[in-house]
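To start, the structure itself, in structure tokens.
Remember, predicted model here, so these are calculated numbers, not experimental data.
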Amino acid sequence: MDSALLGAADAHGPAQGAAGTSDDLAQHLADLAGSLQADPSHQAVLDRTAAAAVELVPSAQHAGVCLLRARHRVSPAASTSELVLELDELQAQTGQGPCWDAALHGAVTHVADLAAEADRWPDLAARARALGSLSVLCVHLRAGSTSLGALKLLSETPAAFDTRAVQALALLAVHAGRAVADAHQLENLRVGLANRDVIGQAKGILMERHRITADQAFGLLATASQHTNRKLHEVAAELAATGELPLR
């Protein structure tokens, strides 16, 4: 965590937010980190991270996770309520907001009332009035030097979050970032293995049917992939399921 952030928290005395004392907070975070590592899928880790954020900060009513996508876009990945999704949609439509700043620029973004932030995000603030008074707290989510997105808290009470809430959420983000990255890597590995298996099955069908080599069978799959503008594993899966090689 940034030294400035820690200093601000220290200025208010020991952190006594979600879990009471600093020791309670550390134990709570350790328990949450263990539960994040135990979740079986990438989406499960994201959902658990959002739920954990509300558990950790009593003044929070809603939470969510946004992830960075291609072309510097930020999209919702998990939420604990419809209100979080509504705010995410407004930020996506306007291309601005606290979660976008946290995800794209690594900022800790602390907002007492989003509708009053016309100077920072004029388009968003004007449209956010329909959601009522919203306190928002967003922190950067990353794994090592890799930016992943942002973790956010919402409250329908103005000025709901103090520096202790900032500290607690930032500490959770450290644990969650690693868990999200690990789960994503594991899921990609599982998908890769499944794709390799179905491609191998499709190659075997072609080799048996046409009495050709493995390289020649792969060439047929690659050609079908190019001609149909579909991924190789999708072509292989269709062949394995139907016995037919799509060529158009």
In terms of heavy-atom contacts, A52 and L172 come closest through C-CD2, 4.0 Å
Verify same cluster id: V45, V139 (apolar side-chain graph, 4.5 Å): yes
Tell me the closest heavy-atom pair linking E156 and P158, and the distance in Å. O-CD, 3.9 Å
Verify the distance criterion only: is there a donor paired with an acceptor across the side chains of Q201 and D197 at less than 3.5 Å? no
For the atom pair CG (L245) and OG1 (T223), what is the distance rounded to the nearest 0.5 Å? 9.0 Å
Taking the side chain as every heavy atom from C-beta outward, state whether Q43 and R48 have any atom pair closer than 4.5 Å. no
Under a 4.5 Å cut-off applied to non-hydrogen side-chain atoms, are L220 and I212 in contact? yes
How many angstroms lie between atom NE2 of H140 and atom CG of D101, to the nearest 0.5 angstrom? 11.5 Å
Do L83 and L154 touch side chain to side chain, with heavy atoms closer than 4.5 Å? yes
Any donor-acceptor pair under 3.5 Å linking the side-chain atoms of S79 with those of H62? no
Can you tell if the side chain of F161 reaches within under 4.5 Å of the side chain of V136, non-hydrogen atoms only? no
Evaluate W121 against V111 for side chain to side chain contact (heavy atoms under 4.5 Å, CB included), listing each step before the verdict. CA-CA 11 Å; W121 310 297; V111 180; 3.6 Å; yes
Exam field: side chain S225 to backbone L221, donor-acceptor pair closer than 3.5 Å: no
Within the distance-only criterion (no hydrogens, no angle test), does the side chain of T80 pair as donor or acceptor with the backbone N or O of A50 below 3.5 angstrom? no
Check: E244 main-chain N/O paired with E238 side-chain donor or acceptor under 3.5 Å: no
Is any side-chain heavy atom of P98 closer than 4.5 Å to a side-chain heavy atom of Q91? yes
Can a salt bridge be assigned to the pair E86 and R127 using a cut-off of 4.0 Å between side-chain N and carboxylate O? no
Atom of A53, atom of L153 and distance for their closest heavy-atom approach: CB-CD2, 3.5 Å
Is there a path of hydrophobic side-chain contacts, each under 4.5 Å between heavy atoms of I, L, V, M, F, W or Y residues, that connects L124 with V84? yes
Value rounded to 0.5 Å, distance of CE in M207 from CZ in R211: 10.5 Å
Path from V57 to L87 over hydrophobic side-chain contacts below 4.5 Å: no
With a 4.5 Å heavy-atom cut-off, do V235 and I199 have their side chains touching? no
Mind listing the closest non-hydrogen atom pair of C66 and D88 along with its distance? SG-OD1, 3.4 Å
Before you tell me yes or no, could you show the steps for H42 and L67 under side chain to side chain contact (heavy atoms under 4.5 Å, CB included), namely the whole-Å CA-CA distance, both residues' side-chain angles and the distance that decides it to 0.1 Å? CA-CA 12 Å; H42 186 230; L67 294 181; 4.1 Å; yes
Do R69 and S75 meet the criterion of a side-chain donor-acceptor pair at a distance under 3.5 Å? yes
Which value, rounded to the nearest 0.5 Å, describes the distance between F218 atom CZ and L206 atom CG? 11.5 Å
Distance in Å, K152 NZ paired with L169 CG, rounded so as to fall on 0.5 Å steps: 11.0 Å
Among the clusters formed by ILVMFWY side chains lying less than 4.5 Å apart, do L46 and V54 turn up in the same one? no
Hydrophobic clusters here meaning ILVMFWY residues chained together by side-chain heavy-atom distances under 4.5 Å, can you tell me if L134 and V74 are in one? no
Short question: side chain of S155, backbone of Q61 - any donor-acceptor pair under 3.5 Å? no
Hey, what do you get for CG (L239) to CD1 (I205), rounding to the nearest 0.5 Å? 4.5 Å
Please answer whether the main-chain N or O of A160 pairs with a side-chain N or O of T157 as donor and acceptor at a distance below 3.5 Å. no
Identify whether the distance between the nearest side-chain nitrogen and carboxylate oxygen of E117 and R120 falls below 4.0 Å. yes
How close do A150 and L141 get, counting heavy atoms only, and between which atoms? N-CB, 3.9 Å
Would you say that more than 12 heavy atoms from the other residues, nucleotides or ligands in this model lie under 6.0 Å from the NE2 of H105, or not? yes
Kindly indicate whether the side chain of L68, heavy atoms from C-beta on, has any atom under 4.5 Å from the side chain of R73. no
Minimum-distance pair of heavy atoms, taken over all atoms of L232 and A222: CD1-N, 3.6 Å
So, do L114 and R129 sit near enough that their side-chain heavy atoms are less than 4.5 Å apart? no
